[in-house]
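A short worksheet on the structure shown next.
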Amino acid sequence: MLIRHIEKFLRETDMPATKFGRLATHDPRFVLDLRNGRTPRSATEERVEHFMNRYRENRRED
């Protein structure tokens with residue numbers, strides 16, 4: 001489930017939910033909406049997963 005992956009990512013990176021939403025989807029309320037039951041489109045899910053993977057890779061390189 002996407003929200004579980006996001007919550008884990010937020011804990012790992014210590015990133016605020018609003019910042020994550022802005023960076024991943026250009027929507028600062030994205031995570032809050034997911035927490036309240038929003039169901040994203042599959043293309044949005046893919047974009048968010050891609051963002052998290054790319055962010056993790058960039059952190060490893062630093």
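Note that this is a predicted model, so its numbers are computed, not measured. Any value given below was found using the heavy atoms of this structure, including those in side chains, with hydrogens, waters and symmetry copies removed.
Judged by distance alone, the side chain of T44 and the main-chain N or O of P40 form no donor-acceptor pair under 3.5 Å.
Contact between L10 and P16 at its shortest, heavy atoms only, is CD2-O, 4.1 Å. The shortest non-hydrogen separation linking H5 to R56 is O-NH2, 4.4 Å.
R54 CZ to L23 CG: the interatomic distance, rounded to the nearest 0.5 Å, is 9.5 Å. Between E46 atom CD and H50 atom NE2 the span is 11.0 Å, to the nearest 0.5 Å.
Taking the side chain as every heavy atom from C-beta outward, F20 and Y55 never approach each other to under 4.5 Å. Between M52 and I6, the closest side-chain pair of non-hydrogen atoms falls below 4.5 Å.
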Stepwise side-chain contact (heavy atoms from CB on, under 4.5 Å) test for R22 and D27: CA-CA 5 Å; R22 276 194 311 273; D27 177 4; over 6 Å; no
Just distance, no hydrogens or angles: give the donor-acceptor pairs under 3.5 Å from side chains in residues 29-37, sequence neighbours left out.
| unit_1 | atom_1 | unit_2 | atom_2 | d |
| --- | --- | --- | --- | --- |
| R29 | NH2 | D33 | OD1 | 3.2 |
| D33 | OD2 | R38 | NH1 | 3.4 |
| R35 | NE | E7 | OE2 | 2.7 |
| R35 | NH2 | E7 | OE1 | 3.1 |
| R35 | NH2 | E7 | OE2 | 3.3 |
| N36 | ND2 | L32 | O | 3.3 |

